[in-house]
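I have placed the structure first, in the form of structure tokens, so that the comments after it can refer back to it.
Convention: sequence-line order gives letters A, B, ...; per-chain numbering from 1. Only heavy atoms go into these numbers, but all of them, side chains included; no hydrogens, no water, no symmetry mates. Because the structure is predicted, anything quoted here is derived from the model rather than measured.
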2 protein chains.
Amino acid sequence: MKSDKISELTTNRMSIYLRCLNELADEGIRTVSSEKIAKRFHLNSAQIRKDLAYFGEFGVRGVGYYVEELRTHLRKILGLNKEHCVAIIGAGRLGTALTDYYGFSQTNFSVAALFDADQSKIGQKVGEVEIFDIKDFAEVAERDKIDVVVIAVPAEFAQSVLEQVTNAGIKAVMNFAPSPLKVDENVKLKTIDLTTSLESLSYFLAQPAAKNGRK
Amino acid sequence: MKSDKISELTTNRMSIYLRCLNELADEGIRTVSSEKIAKRFHLNSAQIRKDLAYFGEFGVRGVGYYVEELRTHLRKILGLNKEHCVAIIGAGRLGTALTDYYGFSQTNFSVAALFDADQSKIGQKVGEVEIFDIKDFAEVAERDKIDVVVIAVPAEFAQSVLEQVTNAGIKAVMNFAPSPLKVDENVKLKTIDLTTSLESLSYFLAQPAAKNGRK
DNA sequence: TGTATAATGTGAAAAAGTTCTCAAACCAAT
DNA sequence: ATTGGTTTGAGAACTTTTTCACATTATACA
């Protein structure tokens, strides 16, 4: 274990491993080898071992990993041993859909508040979640202990929203706006760029190899 | 130019470059250097040049790139010189939100159809887009020339939906289900895993360095 | 025409990420 | 105990990706 600087590729995989272990645990499996995980979930066993080893010696040689024990470690590592409160900025189609999506899921994330600039929306509710004026973000975020923000506003507003929430002390932001955002290095920004993803599919279809969409 | 095998990292960036060029073009800028693009959009100029050079010699030494010309090249490379018809499987919150999201945008992608298994939804419309029975996918996809599919169904149904659409000849799939899917190698699958993204933010918050969400 | 400045395209170096390999450690059975 | 079969953890080897450095080509202006 020498958790010097762990790459995002590794931490993303940790999340995947946790999901795999949850499935194994549900089936009552008590121990599992990296090889078995790899086979079943189409992963690479050496990579699983290497990733896990960054964080500690969780396995037992000749045996493998104890499923419950490893789950506990992974949850701890991923900071899932505490609740996270999410605010979504932008109460449009995407923002409201995400409100439900996350609220639904039995994870450690719960959507505590929605924000918008459109006065006609403010005060309304999406399920249990109230829509607040974006102007009041700092105040509401403080009160509701928001620690994660999702940006679901049009591209042209994304940068200013980002600045507003980081100024209010938010350190983790997930951005859906197709816009290149500049952010302080002590803040973690994760951009999910649907346009780029779609265009990357389009690129694939345009290659001669992919004999195109319809057969 | 030696487009042997271009990495997905490169093609994703091509999409970003196109977006940057669109912005420059809107401002009436005619030529631009890789250095100027890099400065303005927080990118790396060497990488821009290297990425572009995989596809051809688009620049002029001492001058830079002609904005309009490069845009045309990028659109062609990304297969954006033709319309793409998208089908979304799963008419839940996320699926319907995406229907609007893409429909809205002035891109080359238009959502032609929604699919669901829930009989009560079939026949209804989301905006202009009708909801069909997933059983009829092959038929409707053929008729509407669907070439891209978005999977927005619960994780447990994702694999079977994927198989159904690839059997119908679909070659490009974007998946929102947090599920490790197995796919034929002549099909391009792009998974957007919101759970993993959130947990990666959670990991960051759990690090001592990030002195946590609320200040 | 010649000189100075600008900026590409590319080979080489560096950095980052993945896979291989195997000694060490564990378990079960004799 | 000893042997044989497993499986981890980690160094080494390999692959991929990014960054550097600069020869080459273009423009502008004296």
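- To the nearest 0.5 Å, atom CG of residue B/Asn167 and atom CG of residue B/Asp184 are 9.0 Å apart.
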Please list, one pair per line, the donor and acceptor atoms closer than 3.5 Å that link side chains of residues 85-97 of chain A to other protein atoms, with sequence neighbours excluded.
{"from": "A/Arg93", "atom 1": "NE", "to": "B/Asp100", "atom 2": "OD2", "distance (Å)": "3.3"}
{"from": "A/Thr96", "atom 1": "OG1", "to": "A/Gly92", "atom 2": "O", "distance (Å)": "2.8"}
{"from": "A/Thr96", "atom 1": "OG1", "to": "A/Arg93", "atom 2": "O", "distance (Å)": "3.0"}

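- A donor and an acceptor atom, one from each side chain of A/Asp147 and A/His84, are located under 3.5 Å apart.
- A straight line from CZ of B/Phe58 to C1' of C/dA7 spans 17 Å, rounded to a whole angstrom.
- Counting all heavy atoms, side chain and backbone alike, A/Leu181 lies closest to A/Leu189 at CB-CD2, 3.9 Å.
- Place A/Gly59 and B/Thr10 on DNA chain D by their nearest nucleotides, and A/Gly59 ends up nearer the 5' end.
- OP1 and OP2 of D/dT17 both lie 4.0 Å or more from every side-chain N or O belonging to B/Tyr54.
- Of the possible donor and acceptor atoms, none in the side chain of A/Asp144 sits under 3.5 Å from a partner among the backbone N and O of A/Ile146.
- A/Asp51 places its CG atom 13 Å from the P atom of D/dA10, with the value rounded to the nearest Å.
- The heavy-atom pair separating B/Phe176 from A/Leu194 by the smallest distance is CZ-CD2, 3.7 Å.
- If you measure from atom OH of B/Tyr65 to atom P of D/dA26, you get 14 Å, rounded to the nearest angstrom.
- For the segment residues 18-49 of chain B, residues with any heavy atom less than 4.0 angstrom from an atom of DNA chain D are, sorted by number, B/Asn44, B/Ala46, B/Gln47, B/Arg49.
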Return the polar atom pairs (N/O with N/O) between nucleotides 3-6 of chain D and the protein under 3.5 Å, or none.
none

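- Relative orientation of the A/Phe115 and A/Phe132 rings is tilted, given thresholds of 30° and 60° on the angle between their planes.
- Comparing A/Glu8 and A/Val60 by the nucleotide of DNA chain C whose heavy atom lies nearest to each, the residue mapping closer to the 5' end is A/Glu8.
- Checked by atom type and distance alone, the side chain of B/Glu68 never pairs as donor or acceptor with a backbone atom of B/Ala25 at under 3.5 Å.
- Here the side chain of A/Ala53 is nearest to one of D/dT18, C/dT8, D/dA10, namely D/dA10.
- You'll find a donor-acceptor pair under 3.5 Å spanning the side chain of B/Lys50 and the base of C/dG11, going by distance alone.
- Atom NZ in B/Lys5 sits roughly 15 Å away from atom C1' in D/dT15 (whole-Å rounding).
- Here the P atom of nucleotide C/dC26 and the CD atom of A/Glu57 are 10 Å apart, to the nearest Å.
- Proximity of a side-chain donor or acceptor of B/Thr191 to a complementary backbone N or O of B/Asp193 within less than 3.5 Å is not detected.
- Put simply, CG on B/Leu52 is 13 Å from C1' on C/dA7, counting in whole angstrom units.
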